[in-house]
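See structure below.
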Amino acid sequence: MTRLSASSDAPVPTHDSYDPTAIEAKWQTRWRERGTNETDIAAGPNPFYALMMFPYPSAEGLHVGNLFAFTGNDIYGRFQRLQGHTVFEPMGFDAFGIHSENYALKVGEHPMRLIPRNVANFTRQLKRAGLMIDWRYAVDTTDPAYYKWTQWVFVQLFRKGLAYRKEAAVNWCPADKTVLANEQVIAGACERCGTKVEQRFLAQWFFRISNYAERLLDNLEHLDWSETTLTAQRNWIGRSEGAEIHFVVRGPSSEVRTSRSSDLGAPTSDLVVFTTRPDTIFGATYMVLAPEHPLVVRITSPDRRDSVQAYRDDTARQDIVARKINREKTGVFTGSYAVNPATGADIPIWIADYVLMDYGTGAIMAVPGHDERDFEFATLFHLPIVRVTAPEGVPADAPLAEPFVDDEGAHLVNSAQFDGTSVAHAKRKVTEWLESRGAAKAVVNFRLHDWCISRQRYWGPPIPIIHCDHCGPQPVPEKDLPVVLPDIPDFRPDDTGISPLARHEKWYVVPCPKCGGTGRRETDVSDTFLDSAWYFLRYPSADRDDVPFAPEATRKWLPVTSYIGGNEHAVLHLMYSRFITMVLHDMGHLHFEEPFTRFRAHGHIIREGAKMSKTKGNIVNPDRYFEQWGADAFRMYLMFLGPFQEGGDFRDAGISGVRSFLNRLWLAVVDARKDGTPDADVLRKMHQTIRKVGDDTARLSYNTAIAAMMEYMNTLRKGDRTPHQDEVRPLVQLVAPYAPHVAEELWEKLGNSSSVMDGGWPAFDAALAREEFIQLAVQVNGKLRGTISVPRDIAQDAAVTAAMAEHQVAKFVTSPPRKVVFVPGRLLNLVV
RNA sequence: GCGGGGGUGGCGAAAUGGUAGACGCGGGGGCCUUAAAAGCCCCUCCGGGCAACCGGGUGCGGGUUCGAGUCCCGCCCCUCGCACCA
């Protein structure tokens, strides 16, 4: 037989058990020959787009975490197909990016040679897993035929004014030697390698995602997405309502006073802060600027210049991790004062690193009485702390031992005409008052920043821009796309902040597309997240090379019906995809503005107490399991080990249970009798099982669906009985999404010549599923005292009579029940 | 600190406010077999009891309810995000 028999702990196929290696190979071949998994993109009725997040094809190959996610999606797709949909389940490879490039550098091989090997290995494993993928529509982001259109997307954004280049303080990873998006910086460290991120000033390309903040937030209301994902997006967008308040700066420098024009018109203000608590303006006793704030130099008095400069240098040298983790307050006084527009008082202006340049305006009004950080700072530097809100019953002059931040039920004090106004009310009232004096403006502030998309690396699509001294940056004409990434040997990045492509003059010197003069190609490549921000648009049109996405296919297949993926992409990939889709919609390229109608986040596989990852060294390669147990058993085990949306513990011990279930299924079908009639009790259980497996599969509750099939199997073979074909046939159909190869083989054994995937879902008959007798739980005072078998539709009186006839019940009912609670079909509770 | 998800047998886990522990793993006993494997049957939350049964039990403390793993209030712990966000 096969190598199965050579392995010590693998089940040896006998007449009682099936040989997965043989039948899985047989069906994978047959699917390919018959085109079973091919989707009729043009004409298939009732389309259902079952999308899974495409993998990065690592050199280690597919791991169990990938397979867990893909299997979960495949079951859902197959289930929808059995329900009568034309299901499209495509696959692709997210093969550009730092991850691939770093690996290539490590092993000293060029990514252009390395990646195709990885892709081939992944493809082999994905096929082995029996996924219902239509390989004719596979995409690879590193294929010029694909990234031609990634570049096209960039050009669209550029034309719409949504791509711009600016010199900016950016997150620089000194290990990866590239710029990172804010979303890729976790607690001040590179999310990829954990190296502390530095600030650098570099010219970078950005996408104006912040223009879409409000819409990205509002649309969340209407999306059928996992709640956890929606929450993550809301938090990331970080909308807060408040006011911008303008403060006039007094001395020491007279030029300051008129230096900044305001969009409020006269009078001119000097310093703008953002606050969510305008109601506390009367308690603003000092101000703080971020050390990097551009106004710092001009407002610093001559005698403070040295200490201010020293502090700024110190901050710049500090790594961001230390700045964010180490919360001890530090700061220096600038020597200048500003006028509090509410009180008219002069308040000192400080600089301190607890105020961040990249949120709000980079400056705050400090209200130490009602903010933890300001309180701490004021205490340290002996700045005045004033109470301006108080809860009910607390006098206005009550001292503050700690900041009072609770605004529920509190009212203003020491705030002139606003004394007594509730905090909730005062937020608006004070803003209106300041507005009327030209000192404030109600604003909504977002945490979401523009998306930095340039990367000073090699392994990505070149940004399709040509710089010209006369014409400025010009997009590469669409007819000249793609800008092909050249095959260069020296692709290693350095820390100059300049891409490796900038070393290749022959590549980057090109004529300006506008004036024909000497131009210079942009030598940065784009962020990998741009590749994946539109791939779902490409799949249905992957056979077209003249358009990024064909109108007919797009209208038919998009937006994506069901998307399943990891929640680690809740704020990166999913946010960017929504943004790109919105932009393309606004430009008239798409008929919808939200790409994923339904999204479900799957859980993660834990092994040895940790999430499976390469760094933890607890990765499991599925090949061994395919070989030892078969793809069907392995798929089913992964789905059985815990709820799909929560994940679970991976351990070898559990696999034997599902393998044994499949063996028993095999035997049940092989031995099934054709003569005689099926058993009515078994048929009842069968219909109950059809209902439960359908309901559970539809809500991704795969573990309980499998449990229900096992339960039915126990009924079917109880006492070694020989089941009837009519009893087993539907079970083969129910198991098909989970264990497609065995299901096909058994379906054939049952006399069918077409695929089980084209056989539909078995019909559920409510009448046949109904129990005539039920076990009614009988409680006395809420405590279970017994169960009685009664007709399903028994009336309350009859149920009470039957219950009282039971000694176990009667002995606890010492007096006539005061109350009877009867839940038909479930329970009877006698209260005495 | 803020937000999400959790805490149930030896283990993975089930339970629209209605019989806690389905299903599976592991463990124990039995049938079949020359033997093994496979298959089949029974037992397996804890304590007491020969048994029928009785008592206790879903992180901790309260509450609502005829009835709470499930709802409410107050805590503890684990886990994943975010985090000096003004």
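Chain A is the first sequence line, chain B the second, and so forth, proteins listed ahead of strands; every chain is numbered from 1. Side-chain atoms are counted along with the backbone in the values below, which use heavy atoms only and exclude waters and symmetry mates.
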- request: Show your working on side-chain hydrogen bond (donor to acceptor under 3.5 Å, both in side chains) between A/Thr334 and A/Tyr311 and close with a plain yes or no.
  value: CA-CA 11 Å; A/Thr334 62; A/Tyr311 187 79; over 6 Å; no

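Scanning RNA chain B for stems, defined as runs of 3 or more consecutive Watson-Crick or G-U wobble pairs whose donor-acceptor distances all fall under 3.5 Å, gives the following ranges: B:1-7 with B:76-82, B:10-12 with B:23-25, B:26-31 with B:39-44, B:45-48 with B:53-56, B:59-63 with B:71-75.
Separation of the A/Tyr354 and A/Phe377 ring centroids falls under the 6.0 Å cut-off.
Taking CE of A/Met804 as the start and CD1 of A/Ile788 as the end, the distance is 11.0 Å to the nearest 0.5 Å.
Looking at heavy-atom distances under 4.0 Å, A/Phe812 makes contact with sugar-phosphate atoms alone, never a base. Counting non-hydrogen atoms under 4.0 angstrom, A/Asn829 reaches a base of the nucleic acid. A/Arg651 comes within contact range of the sugar-phosphate backbone alone, with a heavy-atom separation under 4.0 Å but no base atom that close. In this structure, A/Thr704 reaches the sugar-phosphate backbone alone: every heavy-atom distance under 4.0 Å involves primed, P, OP1 or OP2 atoms, never a base.
A straight line from CH2 of A/Trp236 to C1' of B/C80 spans 15 Å, rounded to a whole angstrom. Atom C1' of nucleotide B/G7 and atom CD of A/Glu646 are separated by 12 Å, given to the nearest angstrom. When the P atom of B/U79 is taken as reference, atom CD of A/Gln645 falls 23 Å away, rounded to whole Å. With rounding to whole Å, A/Trp666 atom CH2 is found 15 Å from B/G39 atom P.
Between A/Lys783 and B/G57 there is no side-chain polar atom (N or O) within less than 4.0 angstrom of OP1 or OP2. Distances shown here put a side-chain N or O of A/Arg785 below 4.0 Å from the OP1 or OP2 atom of B/G55. OP1 or OP2 of B/C85 has at least one side-chain nitrogen or oxygen of A/Arg373 nearer than 4.0 Å. Checking the phosphate oxygens (OP1, OP2) of B/A22, no side-chain nitrogen or oxygen of A/Asn714 falls inside 4.0 Å. OP1 or OP2 of B/C40 sits under 4.0 Å from a side-chain N or O of A/Arg664. Phosphate proximity of B/C54 to A/Gln808: present, with a side-chain N or O under 4.0 Å from OP1 or OP2. Residue A/Ser660 places at least one side-chain N or O under 4.0 Å from the OP1 or OP2 atom of B/G39. Between B/A14 and A/Asn703, a contact under 4.0 Å exists linking OP1 or OP2 to a side-chain N or O.
Taking every heavy atom of both residues into account, A/Val658 and A/Ala633 meet most closely at CG2-O, 3.4 Å.
The nucleotide whose nearest atom lies closest to any side-chain atom of A/Phe640 is, among B/C41, B/G24, B/A20, B/G24. Comparing B/G4, B/C66, B/C85 by their nearest atom to the side chain of A/Val831 picks out B/C66. Proximity note for A/Glu711 (side chain, C-beta onward) versus B/C85, B/C23, B/G18: the nearest is B/C23. In this structure, of B/C53, B/G18, B/A86, it is B/A86 that holds the atom nearest to the side chain of A/Thr276. Counting only heavy atoms from C-beta on, A/Leu356 has its side chain closest to B/C84 among B/C66, B/C84, B/C53. Listed candidates were B/C66, B/G39, B/A83. Nearest to the side chain of A/Arg447 is B/A83. When each of B/A15, B/A86, B/U16 is scored by its nearest atom to the side-chain atoms of A/Arg699, the top-ranked nucleotide is B/A15. The A/Tyr354 side chain lies nearest to B/C84 when the options are B/C84, B/C42, B/C23. In this structure, of B/A86, B/G12, B/G55, it is B/G12 that holds the atom nearest to the side chain of A/Leu641. Comparing B/G39, B/G3, B/G12 by their closest approach to the side chain of A/Arg717 singles out B/G39.
Because its glycosidic torsion is within 90° of 0, B/G9 is reported here as syn.
Between A/Thr704 and A/Ser701, the side chains place a donor N or O and an acceptor N or O closer than 3.5 Å (distance only, hydrogens not considered).
Formation of a donor-acceptor pair under 3.5 Å by the A/Arg239 side chain with backbone atoms of A/Leu217 is not found in this model. A/Asp671 places no side-chain N or O within donor-acceptor distance of the main-chain N or O of A/Thr722, the cut-off being under 3.5 Å. Remark: side-chain polar atoms of A/Tyr637 are paired, donor with acceptor, to backbone N or O of A/Arg651 under 3.5 angstrom. Of the possible polar contacts, none joining the A/Thr71 side chain to the A/Phe68 backbone as a donor-acceptor pair under 3.5 Å is found.
For A/Lys329 and B/C84, a side-chain-to-base donor-acceptor distance below 3.5 Å is present, hydrogens and geometry of angles not being considered.
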